[in-house]
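Notes for the one structure printed next.
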Amino acid sequence: MNSSTAETQGKGKISVELTPDEALALTGVEFNGNPEVKAAARRKIRNAFEKTFDFQHQDAVDYQQ
């Protein structure tokens, strides 16, 4: 299993443009007709995070460290 660490050091901000449905999905609202809404919002946030911060992948499982 892969895990990741990020060197944020409390610096920087992330700006992500979400649709109203994506924002609602992140608050817990379920979109039974389209479960992809929440996944799309999470992908946008993760992509913005990876572009903003030094994001390093590790091959160790979190609980083994």
| message | Show the nearest heavy-atom pair for residues Ser15 and Ala48, with the distance to one decimal. | response | O-CB, 4.3 Å

| task | Indicate, with yes or no, if Ile45 and Val37 share a hydrophobic cluster defined by side-chain heavy-atom contacts under 4.5 Å among Ile, Leu, Val, Met, Phe, Trp and Tyr. | result | no

| Side-chain (Glu50) to main-chain (Asn47) donor-acceptor, under 3.5 angstrom | no

| Considering residues at least two apart in sequence or located in another chain, which fulfil the side chain to side chain donor-acceptor pair (under 3.5 Å) criterion with Lys38? | none

| task | Determine the minimum heavy-atom distance between Lys13 and Thr52, stating which atoms define it. | result | O-CG2, 3.8 Å

| task | Quick one: closest heavy-atom pair of Glu22 and Glu17, and the distance? | result | OE1-O, 4.3 Å

Result block: side-chain N/O donor-acceptor pairs under 3.5 angstrom for residues 23-36, not counting sequence neighbours:
residue : atom : partner : partner atom : Å
Thr27   : OG1  : Leu24   : O            : 2.6
Asn34   : OD1  : Glu36   : N            : 3.3
Glu36   : OE2  : Arg43   : NH1          : 3.3
Glu36   : OE2  : Arg43   : NH2          : 2.2

